[in-house]
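Okay, so here's the structure we're looking at.
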Amino acid sequence: MVQSSQRELRTVDPAWSIGEVMARIAKALVSDGPALAFSEVSFTTVPEKIALVISTTGSSGVKKDVGLSASALLSSARASNKFLGSEFGNTWSLLLPLNHVAGVNVLVRSLELGTEPINLVGHTGEYPRADFTAIVPTQLYKALNGNTDLLNHLKSAKAVLIGGAALTPQLHLDAEKAGINVVTTYGMTETAGGCVYNGQALDGVKLSVSKDGRISIKGSTLASTYIGAESLWETTFKNGWFTTSDLGRIENEKLIVEGRNDDVFVTGGENLSIAAIERALHAHFPHKNFAALAIDSAQWGQALHIAMAGPGFPGETDISDYLVEYFGAAAKPKGFLQLPELPLIGIGKVDKAALKELLQKGVN
């Protein structure tokens, strides 16, 4: 028997239409039906205040089941719609899968606007127009490099939210030149998705950056717990603040995200930052995709390797020469991996574990 402090948890059926999913979300938000999980979980009940459970691997690759209350989800949707200036009756298009918070948020925002989003997941051919949409940088890259149907859809929208992974300055610039109204977002499943737009905290959200650069977030959009791992939640959620693994700074009252606190590695006795190396490469070679990785090495402690995707220039020598000039001799890569596309985890983050496995097979 379900205890009074618990509510039933039901997994969303992939066969449900978008309209049916939205109807069930609406009921979950007002406690008129079971809570919903958007991927397979091992639980059948959740605390009564939890409306939706969305799993995340984040940047660490460790799966966590995030419990979100109706209050957090609705606060996020209302703050997003307000920032964008959306009005009742406006439409969103759905270009992201529903097992990620960014996709679910499109449905909740649409509920607030009294409309049903246009489901374009897996769509081919000409796209219908929508007022707003949300994508990841990989989709933006494809739109700007051959997918003209998607490009026209993005150009016709009033605003396009882009998050899930870092947006390189060159890709951002290319999008704006193409006529896309880009709104960069920062957030995570634990914050009910994007809670910082164009560097500005949404209504109900507060930001803090510690002396060592760690970003913390407080406010009405925060999740309630990790289902089945409540003690883990307690280590990151203290005094109302959720402490992220990201580093950043506040400049001109805007948040600038600089990387993760665990991305510094030691090679040959020198400290290097994965995020700094990737930013430098994307800035200097703007039309190629890069991922920097630290691979354990008997000789170096950890050795820098570079994975890259995209046609043409630069070559390995050009990359090595640039990194040595920019960061010093310690930044000379000890290996390269060239791929047609970088593997992704979730909807936009590079799968570093997969890349490391490929690199280690090559160096062993």
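Heavy-atom basis, side chains included; hydrogens, waters and symmetry copies ignored.
- Arg109 and Ser80 are linked by a side-chain donor-acceptor pair at a separation below 3.5 angstrom, with hydrogens and angles left out of the test.
- Between the side chain of Thr244 and the backbone N or O of Ile215, at least one donor-acceptor pair lies under 3.5 Å.
- Not one N or O on the side chain of Ser216 forms a donor-acceptor pair closer than 3.5 Å with the backbone of Ser208.
- Ring geometry for Tyr326 against Tyr322 counts as tilted: the plane angle lies between 30° and 60°, on a 0 to 90° scale.
- Across every non-hydrogen atom of Tyr186 and Leu255, the tightest pair is CD2-CD2, 3.8 Å.
- For the pair Asn99 (side chain) and Ser55 (backbone), a donor-acceptor distance under 3.5 Å is absent.
- Between Thr267 and Leu272 the shortest side-chain heavy-atom distance falls below 4.5 Å.
- In this structure, Leu207 CG and Ile217 CD1 are separated by 6.0 Å, a value rounded to the nearest 0.5 Å.
- Counting non-hydrogen atoms of neighbouring residues, nucleotides and ligands closer than 6.0 angstrom, the NZ atom of Lys218 exceeds 12 such neighbours.
- Taking CG from Leu359 and CG from Leu293, the interatomic distance works out to 6.0 Å, rounded to the nearest 0.5 Å.
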Give the table of side-chain donor-acceptor pairs shorter than 3.5 Å for residues 137-146, with sequence neighbours excluded, one pair per line with atom names and distance.
{"residue": "Gln139", "atom": "OE1", "partner": "Val136", "partner atom": "N", "Å": "2.9"}
{"residue": "Gln139", "atom": "NE2", "partner": "Leu95", "partner atom": "O", "Å": "2.9"}
{"residue": "Asn145", "atom": "ND2", "partner": "Tyr141", "partner atom": "O", "Å": "2.7"}

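- You'll find the side chain of Ser273 stays beyond 4.5 Å of the side chain of Phe327, heavy atoms only.
- Looking at Asn181, Ile135, Val182, Val183 one by one, the single match for side-chain contact (heavy atoms from CB on, under 4.5 Å) with Val160 turns out to be Ile135.
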Q) Hey, mind stepping through Ile118 and His123 against side chain to side chain contact (heavy atoms under 4.5 Å, CB included) and telling me if it holds? A) CA-CA 10 Å; Ile118 304 167; His123 182 82; over 6 Å; no
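- Distance CE/Met22 to CG/Leu107: 5.0 Å, rounded to 0.5 Å.
- To the nearest 0.5 Å, the span separating CD on Gln170 from OG1 on Thr168 amounts to 7.0 Å.
- Shown here is Glu176, whose CD atom has more than 12 heavy atoms of other residues, nucleotides or ligands within 6.0 Å.
- Within the 3.5 Å criterion, the main-chain N or O of Val12 finds no donor-acceptor partner in the side chain of Arg24.
- Listed for the Asn152 side chain is no donor-acceptor partner under 3.5 Å among the backbone atoms of Asp149.
- Counting heavy atoms from C-beta outward, Leu120 and Pro128 have side chains that approach closer than 4.5 Å.
- When all heavy atoms of Leu355 and Pro343 are compared, the pair lying nearest together is CD2-CD, 3.5 Å.
- Ring planes of His282 and Phe290: perpendicular class, angle over 60° (limits at 30 and 60°).
- If you chain together hydrophobic residues whose side chains sit under 4.5 Å apart, Val108 and Val196 fall into the same group.
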Can you list, pair by pair, the side-chain donor-acceptor contacts under 3.5 Å of residues 26-35, counting residues two or more places apart and other chains?
none

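- Atoms OG1 and CZ, from Thr115 and Phe132 in turn, are 10.0 Å apart once rounded to the nearest 0.5 Å.
- In this structure, Ile180 CD1 and Leu154 CG are separated by 4.5 Å, a value rounded to the nearest 0.5 Å.
- What you find for Ile50 and Arg7 is that their closest heavy atoms are O-NH1, 2.8 Å.
- Remark: Glu316 CD is packed, more than 12 non-hydrogen atoms of other residues, nucleotides or ligands lying under 6.0 Å away.
- Between Leu222 and Ala72, the shortest heavy-atom contact is O-CB, 3.4 Å.
- Nearest heavy-atom pair across Ala223 and Leu68 is CB-CD2, 3.6 Å.
- A donor atom on one side chain and an acceptor atom on the other are not found under 3.5 Å apart for Thr184 and His172.
- Between the side chains of Ser76 and Thr221, no donor-acceptor pair is found at a separation under 3.5 Å.
- For Lys288, the NZ atom counts as densely surrounded, since its 6.0 Å shell holds more than 12 non-hydrogen atoms of other residues, nucleotides or ligands.
- In terms of heavy-atom proximity, Ala292 sits nearest to Leu304 at CB-CD1, 4.0 Å.
- Residues Leu98 and Ile18 form a side-chain contact, since some pair of their non-hydrogen atoms from C-beta on lies under 4.5 Å apart.
- Proximity of a side-chain donor or acceptor of Asn239 to a complementary backbone N or O of Trp241 within less than 3.5 Å is not detected.
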